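So the structure is just underneath, and the comments pick up after that.
Every chain is numbered from 1, with letters handed out A, B, ... down the list of sequences. Predicted model, so just to flag it, every value in this text is computed and none were measured.
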Amino acid sequence: MKRIGIDVGGTNTDAVLIVDEKVVHSVKRPTTADVTSGILDALKALRAEPSAAVKVDAVVIGTTHFINAVVQRRHVQKIGAIRIGMPASASLPPFCDWPTDLASLVNGEIFMLEGGHDYDGRPFMPLDVAGLKDAARKIKDKGLRSVAVCSSFSPLDPSCEITAREILAEICPDVAVTLSHDLGRIGLLERENAALLNASLHDLAVTTVAAFRKAIADSGIDAPLFLTQNDGTVMQAEIATAFPVMSFASGATNSMRGAAHLSGLDDAMVVDVGGTTSDIGQLRHGFPREANAVVEVGGVRTLFRMPDLLSIGLGGGSHVDEDPVRVGPLSVGYRLTSDALVFGGSRLTATDIAVAAGLIDIGDRSRVANLPKRLIEAALRDAWRKLEEDIDRMKTEAGDVPLLAVGGGAFLVPDRLPGISEIVRVPHGDCANAVGAAIAQVSGEADQVFRDLSREDAIAAARDIAADRAVQAGAARDSLKTVDVEDMPIAYLPGNALRVRVRVAGAIADPDLPAAA
Amino acid sequence: MSKVELKTISLEEIEALAVGAWILGTGGGGSPYLGLLNLRRLYAEGHCVQLMSPLDLDDADWVAVVSNMGAPLVGQERLADSRNIARAVRMQEEINNIKFRAVMSVEIGGGNGVQALMAAAHLGIPVVDADCMGRAFPEAQMTSVAIGDLRPYPCTLYDPRGIEAVVTKVPSWKWMERASRKICVEMGSIASTSKAPRTGREVKDWGIHFTTTKAIRIGRAVQEANRRHEDPIAALLATEGGQKLFTGKIVDVARRTTEGFLRGTAMVDGSDADRGTKLKLSFQNEWIVAWRDEEAIATSPDLICVLDSVNGHGIGTETIRYGQRVTVVALPAPPVLTSPRGLEFVGPRAFGYDLDFRSLFSPAAAGA
């Protein structure tokens, strides 16, 4: 397999070529305002390498484009919101817990209809088909081009949402439809919020994916395009167009997956030290451990599959203050190569301390030769203490585990830390993001309540559902591995009700890759 | 009806109440978040809630005792709605041919801490500054009115698709729990309920007084300490006369459901002053016993609260997980729960632990 992985970050666009799981080339180019010309620059640089003129099987892009649109309130569109589950939940309609500025940009019209299901799969009320048809006509008359549909307990039984999509397709066939069960888990408001956000990004997703495709075509590459998603797996570009929210947290995930691949370790702590912040997470079976809790995106509560990360204000560009001695959280950021002492600037940074301490040899070492030894030691102690505390905070088990140190500032990680068996540093660790994108797999997930089944049978049933979904998304069935299992007994329900969540992942089905149009 | 002084509760106080009710939930009762959203909406529509002292009730007044019954997980798909709880209250009025003077919560802890406020805002009658638990408990007979041997029926249950049910007569509170739980499960495992109506006299004699104010005070202490970047847990303990039991990190959680309850244990590995020791927490929906080594250092009905060490917010038995940094504190139980008869209903033996209740807050313990 020959794949190109691209990570579009805030400062740099990284691209790597991977042949048979090994990194052959990597390049860094500045990210551009239009994003795509930065991608084109990086691809051209990569293709200029003599051995890179191979036929590429896939291009995988990791991007923060869509989450930025929500956070910055740009390029979001007006949508229709259909809630199915009346007469329950009537007092808390769609958008009820959104920031008002974002709601006013996105809320085109709300429709609340009878239907939905109970926790045990029984229909809650008969589906209001006439009401759905009426809503579809109003959506058409209003000229809305995107709709989100959310029905109660749809992760258990999506039939109401599916019927809604069929009716919308009949009456207003040009409208894009997001169904909440495709995105979320139990938790109506949070799942609905994910669907609403997704629908609001539809036009942006279409234009962005088209621009990515053009950049790839302009660079002379003919290969299908994939986008990475929050859980460290990929989706085909067509699916990414339909589910832009699934890429919201892909950057950090890609770096953790890349670290796992480069080191060959599947279970480890990871710290990705950048210029401004360090992200700390935990790899389990080669994937980032996910946050269990509600995640806020641009002020909206959602339940996305997001990696459980701790971001701390410590990086290569962190300011070092002398009285008292403190490293971060302020940083010179992308001005490191002009502002830091070793690069001729006047701001004492964590990089200067590392050079003075002999941890790394970059810039002009003589410019930090006169730093007091006591200051160097105190600054390193402060940085190490922060890393030690926060890495321990993210550990979920007693005993020593390895720590993968990646990112441009990985030299700030000491060679020994309590609770850590060894510190692993890898070649190409500074491009771990792009590597993570290139090696990403395809996943599927199930999250359901099972009754009157043993725990083992319930988990097996959930795994089968997850596997079918992964294959549907483009995975090779025989390569699938279970990456996450979580079960939670439910209070007050009879029949030993058990909520089970299973996630599986496997290689992109090959050689019959679906051609990306 | 005598003229009494009513105090309007501000929305800011309700925000604090949600924080305080989650702490008083002692791990159970579900999150007050959806109730808070309802109240924000009701206030935006011009409704408000008036708070009434239980001491201002006339003996002959009728008070509606409300709660949302069911699985918190189901409550995440069928969202709390003031109309439903108001309908359960109206059913009681119709059945008994009475008019309620006010409403109160069956429990101040968790999501039910705000149910009575939702009903009050909707119905336009005051909420009584009292409840029947002073915290959260898993079962209907674990209340001050059951300890007081007050009549347990009738109980109304309402389901928004139009199902209305009444348990008209039962021989005991335990039977009320069994019968109403069955109906609740058939309704989709969530129902709005209005328990046996209480007279003003009964609320004065057996209600646990001023717990709404208490929850607001706790929430405020935590919020204000956070705002000032001070220790919210120290602020909580100073306000409520509680005790810090343990500080550490959650290292193991084991859950199982038996007879419909979420039971299990959580292990806390000590840090700071508690480094080198472990605390075991046993739960049945709520935190029931805290063990250091093999010794029970705190038990129900004293309130065992597991708090986020950083922001002081409550952590539920359904949401606790590996790696969380927690501080475990104990708050004193209301006296009615620690009476000999009270302990039969809510003491350690009521939860299957062969332990004598020894309060951390009794005069003897305080002098020790």
Fill in the blank from the handout: In this structure, OG of A/Ser154 is separated from CD of B/Glu77 (nearest 0.5 Å) by 6.5 Å
Practice task
Enter the distance from B/Leu34:CG to A/Leu188:CG here, rounded to the nearest 0.5 Å.
Solution key: 9.5 Å
Exercise for the section: Report, as yes or no, whether the 6.0 Å neighbourhood of atom CZ on A/Arg326 holds more than 12 heavy atoms from other residues, nucleotides or ligands. Expected result: no
Practice task
Determine, step by step, whether A/Asp392 and B/Arg325 satisfy the side chain to side chain contact (heavy atoms under 4.5 Å, CB included) criterion, reporting the C-alpha distance in whole Å, the side-chain angles of both residues, the deciding distance to 0.1 Å, and the verdict.
Solution key: CA-CA 11 Å; A/Asp392 185 54; B/Arg325 302 293 153 143; 3.5 Å; yes
Exercise for the section: Can you tell which part of B/Arg161 gets under 4.5 Å to a heavy atom of chain A, answering side chain, backbone, both or neither? Expected result: both
State, to 0.1 Å, how close [X] and [Y] come at their nearest heavy-atom pair, and which atoms those are.
{"X": "B/Pro160", "Y": "A/Pro87", "result": "O-CG, 3.0 Å"}
{"X": "A/Ser91", "Y": "B/Ser82", "result": "OG-N, 4.3 Å"}
{"X": "B/Val185", "Y": "A/Arg122", "result": "O-NH2, 4.0 Å"}
{"X": "B/Gly188", "Y": "A/Tyr119", "result": "O-CD2, 3.4 Å"}
{"X": "A/Phe153", "Y": "B/Val74", "result": "CZ-CA, 4.1 Å"}

Top contributor to chain B contacts, counting heavy-atom pairs under 4.5 Å, from [options]:
{"options": "A/Glu114, A/Glu192, A/Met125", "result": "A/Met125"}
{"options": "A/Ser152, A/Ala90, A/Ser89, A/Cys96", "result": "A/Ser89"}
{"options": "A/His117, A/Arg191, A/Arg455", "result": "A/Arg191"}

Handout entry: Greatest number of heavy atom pairs closer than 4.5 Å to chain A - which of B/Arg40, B/Gln76, B/Met187, B/Met69
Key = B/Gln76
Problem - Close side-chain approach of B/Arg41 and A/Pro93, heavy atoms under 4.5 Å - result: yes
